[in-house]
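I have placed the structure first, in the form of structure tokens, so that the comments after it can refer back to it.
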Amino acid sequence: MFEKFEEEVRNCLKNVVSIDFKLEEPKGKYGDLATNIAFKLAKMYKKNPIEIADEIISKIKGDFRYISDIKNINGYINFYLNYEVFSKDLILKVKKEGNNFGRGERKGKRVVIEHTSANPDGPLHIGHLRNAIIGDSLARILRFYGYDVETQYYVNDMGKQIAILALGVRLFGIKEGVKKDHAIVEAYIKANELLEKDNKYVEEVRRIMLEYESGKNKEEIRRIVDLCLEGIRETLKRLNIKHDKFIYESDFVYNGDVDRILNILKNTKYYKENDTCYLDLKDFGIDKELVLKRSDGTTLYTTRDIAYHVYKSKNFDIVIDIFGSDHKLAAKQLEAVLKILNEKVPEFIIYEFITLPEGKISTRKGRYIAVDDLINECIKRAYEEVSKRRKDLDENKRREIAEKLGIGSLKYYIARTSPERKIVFNWGEVLNFERNSLPYIQYAYARICRILEKANVPENFGVKDLNENEKSLVKIISKFPKVVKESAENRNVHTIANYLLEIADVFHRFYNSERVLGSEKEDFRLNLIYATKIVMENCMNLLGIEPLEML
RNA sequence: GGGCUCGUAGCUCAGCCAGGAUAGAGCGACGGCCUUCUAAGCCGUAGGUCGCGGGUUCAAAUCCCGCCGAGCCCGCCA
């Protein structure tokens, strides 16, 4: 809605000046929108910007719905919002559109987002979590913005690590009575230990790999992989993260795609052979040669990944990959190869790692925190907190709140940090249930729910003489569509998370000094907080976090 | 050594892409606010050479160059 006000300001300025200008939101006690256009013109005409601003303002005329006043402050032209009319329009719109408020128009474009894609050799750990949360939320955001989004989990069910896993399962079996992915990783870790000790197992792994690529152990390995995925999916389900499709890497070998693409590449000038087949990508600024086939003839992860990306390129308009920063080179290589093949280059969302205070995460060495354990710990801590604060609630209710608050807090913590910032994992920070995190947001939401429980939101309401707290609330929620656009177009998730926090912040302030029930403005305020509630819900939906009516 | 990313208050971060009017939050510290819609809240005080040095500009945390510091990558692993 705020964009309507912007549009009005932009249009009236366009009628007066012909150069490009930028609108900004002043921070302090200035207008609701301002432009520095007078400074730009002052330079061009060598005149005082204050005079120019006056001149521009005098030329602006017409009937405006949302502009109530225009003032020249030190050369900045400030536009003031007509809050009475704007608030009414906004609230009516939000009420009418409900959970569709802020939704973008259909773009008619198919987007594929690949995320999580953790190797099926063990449970998800804290590093995968960031990938999954960013990917899932981005999918929700782009869908809401109007794209046709499909999410895919690329299952790396081929290559050395899977051969090692197969060896582990052959030798040690899969423990019963344990969550499948956790049982699988035990065999995997043991096999890795053997490999370090005894060379004969290295040869064994090589043989499994060779046989597998020719299709020999297909069923055996698929069974192990699917078992592990069963566990991973269970974890993702608890996190409210869903993939539309699971795409198996090995399928690109078996269906002939990999060979087909290798043949195409063979006829390019980049293709080279010695013991191996590789691409020389120096023309793309990559010194490192990209090996496509080992000397024993087997393909590599990258080879198969190229085939996967060609498939995505052919079936979608926009390809988005969520990658850890350790995959930056791989991304660059992939980009180069896809250019050679004349296929769509993906947009890479690169995130930095979450590290443990004691060092790097390694599934192979069993040094990681499983997401399952993390979730349980979050819920446990949330439960303690809820129990402390809500002794009046019964056990079941407290457990229910703790479950949602614990998982939501974890997701929120990761979603709100911009991806290029590395995170050193710290229980105290992740599980901060005091202020400024999800509980703070949920608390604002619960406060709204509590008021709305006690009164109906009247259909009709008058709006007049808004105070600062009311204005702030109106303004912040009116920006939601704009925030969605920004978040979607920049492909970032933390914008939404931070915006949601801002709404909660503004609401808490409002709540603290303005009475809703029993006030003279009860009708208006009920409508206002109801609209706030809807916008908060819409935000939480984009983050895959369930709003809590009570905490 | 080369490539990429990050460096904003004691700590954790937003703002940087699309440069503008006194750089925003939270934690921690100190001081206030519960007979009224949940105090998981609100208000106030203290705390900043926006890593350092140049440049572009009327204007730089934001753009450009150099340097310093931290992280990641540079496998016939994935």
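Note that these values count all heavy atoms, side chains included, but never hydrogens, waters or copies made by symmetry. Naming convention: chains lettered A, B, ... in sequence-line order (proteins, then strands); numbering from 1 in each chain.
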Exercise. Answer with base, sugar-phosphate or nothing: what part of the nucleic acid does A:Arg525 contact at a heavy-atom distance below 4.0 Å?
Key: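 The residue A:Arg525 makes no contact with any strand.
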Quiz item: Under 4.0 angstrom, heavy atoms only, what part of the nucleic acid is A:Lys293 near: base, sugar-phosphate, or nothing?
Solution: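 Touches nothing.
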Practice problem: Salt-bridge test for A:Arg10 and A:Glu6: reply yes if a basic N is under 4.0 Å from a carboxylate O, no otherwise. | Solution: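 The answer is no: the pair does not qualify as a salt bridge.
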Quiz prompt | Nucleotide paired to B:G1 in any strand shown, Watson-Crick or G-U, under 3.5 Å | solution =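 B:C74 is the nucleotide pairing with B:G1.
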Self-check item: Any strand: nucleotide that pairs with B:G44 via Watson-Crick or wobble, under 3.5 Å
Solution: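 Pairing partner, where one exists within any strand: B:C30.
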Every protein N/O lying under 3.5 Å from an N/O of nucleotides 2-5 of chain B:
from	atom 1	to	atom 2	distance (Å)
B:C4	O2'	A:Lys328	NZ	3.1
B:U5	O4'	A:Lys328	NZ	3.1

Practice problem: Would you classify B:C67 as syn or anti? Syn applies when the glycosidic angle is within 90° of 0. | Solution: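 In terms of base orientation relative to the sugar, B:C67 is anti.
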Quiz item: Does the ring of A:Phe507 carry A:Arg447 above it, NZ/CZ under 6.0 angstrom from centre and within 45° of its axis?
Solution: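 Geometry flag: not set, cation outside 6.0 Å or 45°.
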Self-check item: A:Phe353 six-ring centre to A:Lys422 NZ/CZ under 6.0 Å and within 45° of normal
Solution: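 Checked: cation-pi criterion not met.
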Quiz item: Are the ring of A:Tyr76 and the base ring of B:A21 both nearer than 5.5 Å at their centres and tilted by less than 30°?
Solution: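 Stacking is present between B:A21 and A:Tyr76, given that their ring centres fall under 5.5 Å apart and the planes under 30°.
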Exercise. Verify the stacking flag for A:Tyr511 against B:G41: centroid separation must be under 5.5 angstrom and the ring planes must differ by under 30 degrees.
Key: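 The ring of A:Tyr511 is not stacked on B:G41.
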Exercise. Would you confirm whether the ring centroid of A:Tyr30 sits within less than 6.0 angstrom of the ring centroid of A:Tyr76?
Key: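 No: the rings miss the under 6.0 Å criterion.
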Quiz prompt | Options B:A14, B:A21, B:C72, nucleotide nearest the side-chain atoms of A:Asn498 | solution =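 The answer is B:A14.
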Quiz item: Between A:Tyr499 and A:Phe480, what is the ring plane arrangement, given parallel below 30°, perpendicular above 60°, and tilted in between?
Solution: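 Parallel.
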Quiz prompt | RNA chain B: 5'-proximal contact among A:Asn74 and A:Val386 (nearest heavy atom) | solution =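 It is A:Asn74 whose nearest nucleotide is closer to the 5' end.
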